[in-house]
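My questions will all concern the structure given below.
In this text the structure is predicted, and so the values were computed from the model without any measurement. In what follows, chains carry the letters A, B, and so on, assigned in the order in which the sequence lines appear, proteins first and then strands, with residues in each chain numbered from 1.
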Amino acid sequence: GQQLNQSPQSMFIQEGEDVSMNCTSSSIFNTWLWYKQDPGEGPVLLIALYKAGELTSNGRLTAQFGITRKDSFLNISASIPSDVGIYFCAGQLGRDDKIIFGKGTRLHILP
Amino acid sequence: GAVVSQHPSRVICKSGTSVKIECRSLDFQATTMFWYRQFPKKSLMLMATSNEGSKATYEQGVEKDKFLINHASLTLSTLTVTSAHPEDSSFYICSATQRWAFFGQGTRLTVV
């Protein structure tokens, strides 16, 4: 079945640094999604991408839908303490199709 | 954005009892909802797709008689963990789609 490879698994950075994480897939998706999950909560959507090559920003977050439809990256600029959490990439073929999740990138910010 | 409400947020039950978890789309209708299970420090594992007015579709390895899903209306899906055992303890999350997927707050189930 479809699999998403998300990297890195975890990151330890200093406050103020930029962050980059990415996802690759063995097959194409028509929608790429990036979610953030805080402990004990459900995932919250950060950015949704619908077109190959699309580059979308949401505040300090920027994500791109790879031209091959098999990859996506998420960048966070000037990290702040509330950025700590787990970031998941996700792919979806159609609107009502199941979403395939990556294994997550756990972001830690060093004091 | 769209709101998906999940209830309860935490539940502790005795081994052998059944627990029902509700997932509601508060401001939109959802013909399809999804149920996930998440182990500590792991990703979300899709358990089943809940289809309004018809049977749920279960992922491979998920026992349909163990995890009963009912999607009786366009705004409500329920997951019942039957005859719960300690190994069923986990974080269960639902989602519903309005253009993109919105997730409930999750339910922490502890079976003692």
Would a 4.5 Å heavy-atom cut-off, applied to side chains only, mark A:Ile100 and A:Phe29 as touching?
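They are in contact (side-chain heavy atoms under 4.5 Å apart), so the answer is yes.
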
Quick check: do B:Phe67 and B:Leu79 have side-chain heavy atoms less than 4.5 Å from each other?
yes

For A:Ile99, is it the side chain, the backbone, both or neither that has a heavy atom under 4.5 Å from a heavy atom of chain B?
both

Across chain A and chain B, going purely by atom type as modelled, what donor-acceptor pairs are there at a distance under 3.5 Å?
from	atom 1	to	atom 2	distance (Å)
B:Gln38	OE1	A:Gln37	NE2	2.8
B:Gln38	NE2	A:Gln37	OE1	2.8
B:Ser43	OG	A:Gly102	O	2.6
B:Glu59	OE1	A:Lys98	NZ	3.1
B:Glu59	OE2	A:Lys98	NZ	3.4
B:Ala101	O	A:Tyr35	OH	2.8
B:Gln105	O	A:Gly42	N	3.3

State which residues pass side-chain contact (heavy atoms from CB on, under 4.5 Å) with A:Pro39; sequence neighbours excluded, sorted by chain then number.
none

Is atom CD1 of B:Ile12 surrounded by more than 12 heavy atoms (other residues, nucleotides or ligands) closer than 6.0 Å?
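No - once you tally the heavy atoms of other residues, nucleotides and ligands closer than 6.0 Å, there are 12 at most.
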
Side-chain heavy-atom pair B:His85, B:Ser83 within 4.5 angstrom cut-off:
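A side-chain contact under 4.5 Å exists here.
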
Would you check if A:Ile13 and A:Val19 make a side-chain contact, meaning some heavy-atom pair closer than 4.5 Å?
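A side-chain contact under 4.5 Å exists here.
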
Contact winner vs chain B - A:Gly40, A:Pro43, A:Gly42, heavy-atom pairs under 4.5 Å:
A:Pro43

With the side chain counted from C-beta on, respond yes when B:Ile21 and B:Thr78 share a heavy-atom pair under 4.5 Å apart, and no when they do not.
no

